[in-house]
Peer 1: 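Please read through the structure below; I'll follow up with questions.
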Amino acid sequence: MIDSAALIEAARAAASHAHAPYSRFAVGAALLLTDGSVVTGANFENASYGLSLCAETVATASASASGRLSEIVAVGIVGGRMGERDTDPIRPCGRCRQVLNEAAQIGGRDLAVFCSGLGGGEIETHRLSELLPHAFGPANLGIGGHA
Ligand code: THU
């Protein structure tokens, strides 16, 4: 049984490292790996706005850079306006769903996706396959995992 509350807390801690001076919207993501370890990321904005990276993408790239892309089993995501106590859950943007799908397919498992607000609130539980049905991925190119 995955400890979704612990994963969301890790995401909330990661959000404190958001570099988001332009949107003032902090996002944290925490990836649970098969051995129980956690890899985190926060959104990383750029003065050239369109170059900004989402928290889920930063975390997934970090796991990949450690050689652990195939070990991701779940992701916790929180977001909200800096300095506020937003409790509405945020769900991953479309691009991040596709980025997470790379890990899901390479690892050969659907991902649990837990979503909450930066300031607390309910934890929603989703599956990546529900958030991104009929995904295009590495299996379509004959590489790794499952379609
Ligand atoms: N953001 C994320 O980090 N993840 C998402 O799934 C949605 C949006 C970031 C991007 C930008 O830095 C800020 O939130 C406002 O869009």
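In what follows, every heavy atom counts, from backbone to side chain, and hydrogens, waters and symmetry copies are set aside. Just follow the structure's listing: the first ligand is 1, and inside any ligand the first atom is 1.
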Peer 1: Purely on distance, is any nitrogen or oxygen of Cys93 under 3.5 Å from one on ligand 1?
Peer 2: yes

Peer 1: Quick one: closest heavy-atom pair of Ala135 and Gln105, and the distance?
Peer 2: O-NE2, 4.1 Å

Peer 1: Considering non-hydrogen atoms of the protein only, which is the closest contact for atom 9 (C) of ligand 1, and what is the distance?
Peer 2: Asn43 ND2, 3.6 Å

Peer 1: Please report whether atom 1 (N) of ligand 1 has a protein non-hydrogen atom at a separation of less than 4.0 Å.
Peer 2: yes

Peer 1: Backbone N or O of Glu122 within a donor-acceptor pair of the Ser116 side chain at under 3.5 Å?
Peer 2: yes

Peer 1: Using side-chain contact (heavy atoms from CB on, under 4.5 Å), reason through Gln98 and Leu132 one step at a time and then give a plain yes or no.
Peer 2: CA-CA 7 Å; Gln98 182 67 27; Leu132 188 70; 3.7 Å; yes

Peer 1: Below a 4.0 angstrom heavy-atom separation, can you tell me which part of Cys54, side chain or backbone, both or neither, approaches ligand 1?
Peer 2: both

Peer 1: So is Ala55 polar-close to ligand 1, meaning N/O to N/O under 3.5 Å?
Peer 2: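 Among all N and O atoms of Ala55, at least one is under 3.5 Å from an N or O of ligand 1.
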
Peer 1: Among all protein heavy atoms, pick out the one at the shortest distance from atom 12 (O) of ligand 1; state its residue, atom name and that distance to 0.1 Å.
Peer 2: Glu45 OE2, 2.5 Å

Peer 1: Looking only at non-hydrogen atoms, find the nearest pair between Glu124 and Pro89 and report the distance.
Peer 2: OE2-CG, 3.5 Å

Peer 1: Say whether Ala20 and ligand 1 are in contact under the criterion: heavy-atom distance to a ligand atom below 4.0 Å.
Peer 2: no

Peer 1: Of Leu128, Leu32, Leu31, which is the lone residue that meets side chain to side chain contact (heavy atoms under 4.5 Å, CB included) with Leu111?
Peer 2: Leu128

Peer 1: Among all protein heavy atoms, pick out the one at the shortest distance from atom 6 (O) of ligand 1; state its residue, atom name and that distance to 0.1 Å.
Peer 2: Glu56 OE2, 2.7 Å

Peer 1: Out of all atoms in ligand 1, which are within 4.0 Å of some heavy atom of Pro92? Include the element for each.
Peer 2: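 Selected atoms, number and element: 6 (O).
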
Peer 1: Any donor-acceptor pair under 3.5 Å linking the side-chain atoms of Ser23 with those of Glu45?
Peer 2: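 Per modelled atom types, Glu45 and Ser23 side chains form a pair under 3.5 Å.
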
Peer 1: Using a 4.0 Å cutoff against the non-hydrogen atoms of Ser23, which atoms of ligand 1 qualify?
Peer 2: 13 (C), 15 (C)

Peer 1: Asn46 and Ser48: side-chain donor and acceptor closer than 3.5 Å?
Peer 2: no

Peer 1: Just jot down the ligand 1 atoms closer than 4.0 angstrom to any heavy atom of Val27, in number order.
Peer 2: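 Selected atoms, number and element: 1 (N), 2 (C), 3 (O), 4 (N), 9 (C), 14 (O).
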
Peer 1: What's the verdict on side-chain contact (heavy atoms from CB on, under 4.5 Å) for Asn43 and Val58, showing C-alpha distance, side-chain angles and the deciding distance?
Peer 2: CA-CA 7 Å; Asn43 51 335; Val58 169; over 6 Å; no

